[in-house]
Structure formats: structure tokens, C-alpha cells
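Because the structure is predicted, anything quoted here is derived from the model rather than measured. Counting from 1, the numbers follow the sequence of the chain as shown.
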Amino acid sequence: MKRRPSGLGSSLPPRQPHATLATMPYGPSENLLRLARYLAGTRMGVTTQEMAEYLGISRRTAERMRDALASTFPQLEFTEDDNRTRRWRLPATALAGLTAPGVECIAAVEAAAREADLANQTDRADQLRDAAATLRTILNPAVLTRVEPDLAALMEAEGLARRPGPRPEIPRALLATLRRAILGMQVIAVTYNSPNSGPTPRRLCPYGLLYGGRGWLVAHADTLPEMRLWRLDRILSAQILAESFPRDTHFSLETYAARAFGVFQEEPFPVTLRFTPEAAADAATWHFHPSQQMVMQPDGSLIVTFNAGGRHEICWHLFTWGSTVQILAPDHLRQTMIALTRSALTRAEANPQP
């Protein structure tokens, strides 16, 4: 049952009749507005700990900010589960006229659309532009006129260089079909251009899409439980069937993707890398893998450890660091790096045929 926070007792400060967000005693008004938007943008509500994590503050500070909002917004409410854990939410109507997207927010969405264009994700780019247009409609026309020059300046300052090189062409209609099937948990019939057997009919149960270099569909054949990656540029056609599949509730696309250094799925193994003192500062700014740990050494070098599969993808990336990185472990990864290096050297030294 939902209850008003007035039942909290003395933990709430007395409400000030004329208090405003700008005069609240608990932190900057910007953070309070962020918290208000966060609470208004959820249906199930959020715990105090989740508030703290969202704002990057301590739990105690989150409690004070929550109570400050309650003193101004009597609509703030909570639900309590069987474990007496409270989840707080604020009706969106409470913020009517008080919040609007900032110019940085709109610029970030439009920049993401441009990045999607460069990655050949045209349908995602269109969706992001629609989102940016929706954000613009929320602004008062007078405000929009005022912020347009700032928005243009931000977009110019965050210009993206078009990356040269080949990119796979992925039909927009194909991605739309796959997304509908993923959301509806429906089986799809595809024609997959296998490198070994050519165009082959497949019945797949799709779970998600991964982007990174090429685009990939995460799915399993309807007769097999093992999840596999299917290259989007090799899917020649796709049709949604009038047949659903029971989704594996234990499967997590995020966890699945984190198993690998890139997208190729192998059993994860511990990796230890050493970057020379000359490259340590640069390497320390990189996010190699979600499980990574970094330790700076007395000689100025950097030790990076993580757990991931995908030997070839790890080696391909390490090629970009040249002689500034050394694979300390495991040995099979080092041997893979040696084999790939020798193969590349042999091909580079071979006389080109006329």
C-alpha cells in the first residue's frame, strides 16, 4: 500500500511553506532536480541506496536530499515490500513546469545519433534523432530560441571524424524485424549466408543485438539451447513466425557480452598485461574490460589484469600498442600473439604476385 512520507515521523524536517528548490539547505539545486527527475521517471520506485548510487553520494546524504524533496513535494510517496524495504517515487505531474532538458542533454542525444550514423546503425540514429526532437518539443519556444546557438556550438565542439574503411551494410528493415522479434519473444526464420555451406535456412530464438565492429545477433537455434552469435551482414532475410519461445530468465545479455574481450565467446581466462612506463599513463585511461584491475609498479610500468575470452580479439587489440605491451599470462595467449605476429610478418615480407 502506498503511503505519504508524512508517516515517517521525526526523520522528515518540518515543511517550509515557501521553500523552493533553489533555497533548500541540502546540496546544490541541480542535484535535487536530478533526484526529482529520477524519482518521477520510475514506475516501481527506487530505494534510498539506489538514489545514493545514482547521484554518486553517500547514503546519509541521499537521505537528507530525499527528505528535502519531501518537504517541498508532499506528493512524494513510497511502497514497502515484505522485507520492509521502502521504494520511493514522485508522480511526474509534481514536476510539471519545473523541469526541462538542458542543452547538454539534447546535444548528447544528437551526438549519439551522429556516432550511430558513422557506425552504419542508421535505424538507431533515426531513433536517437526522434528522441532529440521530442526533447526539443518540451522546451518553451522562447527558451528553445535562446538555447539554439548554444546547442549549435556544442555540436560543433563535439564534431566526429568520419572513420575511413569498409563497413558492413545492414538493412534498416532487418534490424526493425529483429527488434520486434526480440521484444515479442518470437521465433524468426532467417536465411543465413554461412561461409561453409552458403545460404542456409535457420529458425532462431533471438535475445539481443551486440554492436562492435560488425553487428551481431545473439540467438540460439530453436532446437538447441546454446547461445550463438550470428553476423548481421550474413542474414539475407528474416521473417517473424507466429510462434513464441520461452525466454531463459537466467540469461543476461550484459553478462554474456562481458565474458568476452570483444564479441567472440570463449571460456573466460585470467589475463595479465604489462605496459611499459612510456605507455602506462595512456593505458591507465583505457577501459579494457569490466573485470579489469590496474596496479602501477614502482618502475612506472602498469600491470592490468582481467578475465575474458576471445584470444584473437585480445591479440588484435594489443597489436595497436606495438612494443609497449607484454603478455605476462596466460602462456596460450602469448603463443597466440606470437603465431599471429609471425603470420603477419610472413605475409608482409612475401613478394607480391604480379
Asker: Taking all non-hydrogen atoms of both residues, which atom of Ala68 and which atom of Ser71 are closest, and how far apart?
Answerer: O-OG, 2.6 Å

Asker: Do the side chains of Val218 and Pro206 get nearer than 4.5 Å, heavy atoms only?
Answerer: no

Asker: Out of curiosity, Met294 CE to Phe306 CZ, how far, rounded to the nearest 0.5 Å?
Answerer: 9.5 Å

Asker: Less than 3.5 Å apart, any donor N or O on the side chain of Thr276 or Thr324 sitting next to an acceptor on the other?
Answerer: no

Asker: Should the pair Glu63-Arg60 be classified as a salt bridge under the 4.0 Å nitrogen-to-oxygen rule?
Answerer: yes

Asker: Between Thr47 and Arg86, do the side chains contain a donor N or O and an acceptor N or O under 3.5 Å apart?
Answerer: no

Asker: May I ask you to check whether Thr346 and Ser343 show a side-chain donor-acceptor distance below 3.5 Å?
Answerer: no

Asker: Does the plane of the ring in Trp286 sit parallel, tilted or perpendicular to the ring in Phe288? Use 30° and 60° as the thresholds.
Answerer: parallel

Asker: How far apart are the closest heavy atoms of Gln186 and Leu241, and which atoms are they?
Answerer: NE2-O, 3.4 Å

Asker: Using the rule that Ile, Leu, Val, Met, Phe, Trp and Tyr join whenever any side-chain heavy atoms are under 4.5 Å apart, tell me whether Val271 and Leu328 fall into a single cluster.
Answerer: no

Asker: Can you see whether Arg89 engages Thr42 through a side-chain donor-acceptor pair at a distance of less than 3.5 angstrom?
Answerer: no

Asker: Using modelled atom types and a 3.5 Å cut-off, is there a donor and acceptor pairing between side-chain atoms of Arg203 and backbone atoms of Ala221?
Answerer: no

Asker: Before accepting this row, confirm whether a basic side-chain N of the pair Arg87/Glu80 lies closer than 4.0 Å to the acidic partner's carboxylate O.
Answerer: no

Asker: Hey, does Arg179 have a side-chain heavy atom less than 4.5 Å from the side chain of Gln127?
Answerer: yes

Asker: Does the side chain to side chain contact (heavy atoms under 4.5 Å, CB included) test come out yes or no for Ile235 and Leu174, once each step is laid out?
Answerer: CA-CA 8 Å; Ile235 299 178; Leu174 170 63; 3.8 Å; yes

Asker: Would you say that Thr191 contacts Asn193 through its side chain, given a criterion of any heavy-atom pair below 4.5 Å between the two side chains?
Answerer: no

Asker: Look up atom NE2 in His220 and atom CD in Glu226, then write down how far apart they are to the nearest 0.5 Å.
Answerer: 9.5 Å

Asker: If you measure from CG on Leu232 to CG on Leu175, what distance do you get to the nearest 0.5 Å?
Answerer: 6.0 Å

Asker: Here's one to test your reading of the geometry: is the NZ or CZ of Arg34 within 45 degrees of the ring axis of Tyr54 and under 6.0 Å from its centre?
Answerer: yes

Asker: Measure the shortest side-chain to side-chain distance between Arg247 and Met185 over non-hydrogen atoms and say whether it is less than 4.5 angstrom.
Answerer: yes

Asker: With rounding to the nearest 0.5 angstrom, report the SG to CG distance, Cys315 to Leu340.
Answerer: 5.5 Å

Asker: Restricting to non-hydrogen atoms, name the atom on Leu135 and the atom on Cys105 that form the minimum distance, rounded to 0.1 Å.
Answerer: CD1-SG, 4.1 Å

Asker: Do the side chains of Ile338 and Phe269 join up, straight or via other hydrophobic residues, at under 4.5 Å, putting them in one cluster?
Answerer: no

Asker: So Tyr38 and Leu90, do their side chains get closer than 4.5 Å, heavy atoms only?
Answerer: no

Asker: Looking at OG of Ser58 and CD of Glu53, how far apart are the two atoms once the value is rounded to the nearest 0.5 Å?
Answerer: 12.0 Å

Asker: Less than 4.0 Å between a side-chain N and a carboxylate O, is that true for Asp67 and Arg64?
Answerer: no

Asker: Is Arg136 salt-bridged to Glu110, going by a charged N under 4.0 Å from an acidic O?
Answerer: yes

Asker: What closest approach, in Å, do Leu69 and Ala36 show between heavy atoms, and which atom pair accounts for it?
Answerer: CD1-N, 3.9 Å

Asker: Which heavy atom of Thr177 sits nearest to which heavy atom of Ala238, and what is that distance?
Answerer: CG2-O, 3.9 Å

Asker: Quick check for you: to the nearest 0.5 Å, what is the distance between Leu183 atom CG and Arg180 atom CZ?
Answerer: 10.0 Å

Asker: For the pair Gln297 (side chain) and Val295 (backbone), establish whether a donor and an acceptor sit closer than 3.5 Å, ignoring hydrogens and angles.
Answerer: yes

Asker: Do Met65 and Met51 make a side-chain contact, defined as non-hydrogen atoms from C-beta onward lying under 4.5 Å apart?
Answerer: no

Asker: Keeping the roles fixed (side chain from Ser197, backbone from Ser194), state whether a donor-acceptor pair exists under 3.5 Å.
Answerer: no

Asker: Is it true that a side-chain atom of Tyr207 and a backbone atom of Asp248 form a donor plus acceptor pair closer than 3.5 Å?
Answerer: yes

Asker: Same cluster or not: are Trp216 and Met227 linked, directly or through other Ile, Leu, Val, Met, Phe, Trp or Tyr residues, by side-chain heavy atoms under 4.5 angstrom apart?
Answerer: yes

Asker: Using a 4.5 Å cut-off on heavy atoms from C-beta on, say whether the side chain of Thr305 contacts that of Gln292.
Answerer: no

Asker: Please give me the minimum heavy-atom distance between Leu253 and Leu209, naming the atom from each residue.
Answerer: CD2-O, 4.0 Å

Asker: For Ala339, does its backbone N or O pair with a side-chain atom of Thr341 as donor and acceptor, under 3.5 Å?
Answerer: no

Asker: Trp230 ring centre to Arg228 NZ or CZ under 6.0 Å, with the angle to the axis within 45°?
Answerer: yes

Asker: If you draw a 6.0 Å radius around CD in Gln293, do more than 12 non-hydrogen atoms from other residues or ligands fall strictly inside?
Answerer: no

Asker: Look at the side-chain heavy atoms of Ile, Leu, Val, Met, Phe, Trp and Tyr, link any pair under 4.5 Å apart, and say whether Ile188 and Leu236 land in one connected group.
Answerer: no

Asker: Closer than 3.5 angstrom, by distance alone: can the side chain of Arg334 be matched with the main-chain N or O of Ile327 as a donor-acceptor pair?
Answerer: yes

Asker: Are Leu318 and Ile303 co-members of a hydrophobic cluster defined by side-chain heavy atoms under 4.5 Å apart?
Answerer: no

Asker: Centre-to-centre under 6.0 Å for Phe245 and Phe251, is that the case here?
Answerer: no

Asker: Under 3.5 Å, is there a donor-acceptor pair between the side chain of Tyr192 and the main chain of Arg231?
Answerer: yes

Asker: Sequence neighbours excluded, which residues qualify as side-chain hydrogen bond (donor to acceptor under 3.5 Å, both in side chains) partners of Arg129?
Answerer: Asp117

Asker: In terms of the angle between their ring planes, are Phe78 and Trp88 parallel, tilted or perpendicular, with boundaries placed at 30° and 60°?
Answerer: tilted

Asker: Give a yes or no on whether the backbone of Ile57 and the side-chain of Thr61 come within a donor-acceptor separation of less than 3.5 Å.
Answerer: no

Asker: Within the 3.5 Å criterion, strictly below it, is a donor on Thr85 or Asn83 matched to an acceptor on the partner's side chain?
Answerer: no

